[in-house]
Amino acid sequence: MTEAAWVAAAEAAADVAGAVIRPFFRAGQGLDAALKQDRSPVTIADRTAEQAMRAVLAERCPDHGILGEEFGLQRPEARLRWVLDPIDGTRAFITGRPVFGTLVALLDGDRPILGIIDQPITGERWVGVTGRATRFCGPFGGRPGCRPCPELGRAELSCTSPEMVAGAEAPGWQRLASQVRRVSWGGDCYAYGLLALGQIDVIAEGDMKVWDWAALVPVIEGAGGRITDWSGQPLHPGGPGQALAVGDAALLPQAVSLLAA
């Protein structure tokens with residue numbers, strides 16, 4: 001298959017996920033959410049959307065592996081593997097806030113080579129492919145490209161939840177937070193999309209699984225940013241579960257120094 005065919009398959013998977021998810025958004029007086037073993041919520045929308053995505057990708061790319069948050073790994077022997085998170089930000093979804101997203105990634109071994117962040121309610125989509133500029137479309141404006149911000153004192157820092165930087169990671173994160181211009185909370189994968197549009201400068205989070213970060217890597221890098229773990233090393237499935245994204249590469253050593261001190 002060609003790169004264009006992979007992108008088309010990824011966008012088709014995001015399209016079908018959106019078609020499943022939209023009818024459940026703000027439907028009725030609350031969407032029933034079960035708790036998984038890690039105490040994170042999951043809904044029928046998560047599960048149905050992932051099944052639909054898997055069906056699309058299995059038809060278009062029958063030799064590829066598929067790893068999804070809800071239904072595990074198929075074809076573990078495959079070098080090319082799709083990684084899916086049907087609703088990244090289920091808490092936002094079940095409380096009616098349109099800052100969640102669908103994540104679709106393609107890994108070559110452990111390396112993400114394609115990623116999509118899709119917001120099915122707002123109609124915004126980021127598409128990243130290794131070696132190419134990130135592509136973005138949406139009705140509210142914005143152009144893909146991280147903004148220059150070489151100094152932490154001018155930077156906007158974002159994190160989804162205090163729970164993601166609790167425990168042993170808290171002191172380093174607080175040091176980073178004390179040096180930036182402002183801190184905002186919430187956003188899940190949507191915040192990384194905003195970083196790729198030059199609206200946010202730094203994101204530092206823990207408790208990240210491969211389906212949480214794989215799609216973000218090509219999007220951030222294709223917009224001119226960097227995304228690593230907290231020690232500045234490339235993200236990989238067996239890593240510490242941390243993500244540090246910066247729009248300006250000059251911020252990376254500054255942030256790493258504070259997080260690791």
Verify, without hydrogens or angle tests, whether [X] (side chain) and [Y] (backbone) share a donor-acceptor contact under 3.5 angstrom.
X    : Y    : answer
W230 : E205 : yes
W185 : P162 : no
R22  : P120 : yes
S257 : Q254 : no
R75  : H64  : yes
R81  : P76  : yes
T95  : A92  : yes
R175 : L258 : yes

With rounding to the nearest 0.5 angstrom, report the [atom1] to [atom2] distance, [X] to [Y].
X    : Y    : atom1 : atom2 : answer
R47  : F71  : CZ    : CZ    : 6.5 Å
Q119 : T102 : CD    : OG1   : 8.0 Å
I113 : L107 : CD1   : CG    : 8.0 Å
T228 : L244 : OG1   : CG    : 4.5 Å
E69  : W211 : CD    : CH2   : 6.0 Å
L216 : D88  : CG    : CG    : 7.5 Å

Can you find a pair of side-chain heavy atoms, one from [X] and one from [Y], that are under 4.5 Å apart?
X    : Y    : value
M53  : P86  : yes
R26  : I121 : no
E11  : I116 : yes
R154 : D248 : no
R111 : T130 : yes
L152 : L176 : yes
Y192 : V219 : no
E163 : D207 : no

Passes side-chain contact (heavy atoms from CB on, under 4.5 Å), W173 versus V183? Steps please. CA-CA 11 Å; W173 195 91; V183 176; 3.7 Å; yes
Do [X] and [Y] share a hydrophobic cluster (ILVMFWY, side-chain heavy atoms under 4.5 Å, transitive)?
X    : Y    : result
V165 : V256 : yes
V127 : V56  : yes
V99  : I220 : yes
I200 : L157 : no
L195 : I227 : yes

Using 4.0 Å as the upper bound for N to carboxylate O, is an ion pair formed by R97 and D188? no
In plain terms, say whether R79 and D108 are close enough for a salt bridge, that is, a side-chain N and a carboxylate O under 4.0 Å apart.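 D108 and R79: salt-bridged.
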Testing the basics here: between [X] and [Y], what is the closest heavy-atom pair and its distance to 0.1 Å?
X    : Y    : value
P171 : G167 : CD-O, 3.7 Å
C159 : A204 : SG-O, 3.5 Å
W126 : L194 : CZ2-N, 4.2 Å
D201 : A155 : OD2-CA, 3.4 Å
C189 : F100 : SG-C, 4.2 Å
L114 : A10  : CD2-CB, 3.6 Å

Looking at I117, L84, I87, which one forms a side chain to side chain contact (heavy atoms under 4.5 Å, CB included) with L103?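 Exactly one candidate clears the test, I117.
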For R181 and E156, run side-chain contact (heavy atoms from CB on, under 4.5 Å): C-alpha distance rounded to whole Å, both residues' side-chain angles, the deciding distance at 0.1 Å, then the answer. CA-CA 6 Å; R181 182 181 185 184; E156 299 282 349; 4.3 Å; yes
Can you confirm whether R125 is buried at CZ, in the sense that more than 12 heavy atoms of other residues, nucleotides or ligands lie under 6.0 Å from that atom? yes
Before you tell me yes or no, could you show the steps for R132 and V7 under side-chain contact (heavy atoms from CB on, under 4.5 Å), namely the whole-Å CA-CA distance, both residues' side-chain angles and the distance that decides it to 0.1 Å? CA-CA 12 Å; R132 298 186 181 275; V7 172; over 6 Å; no
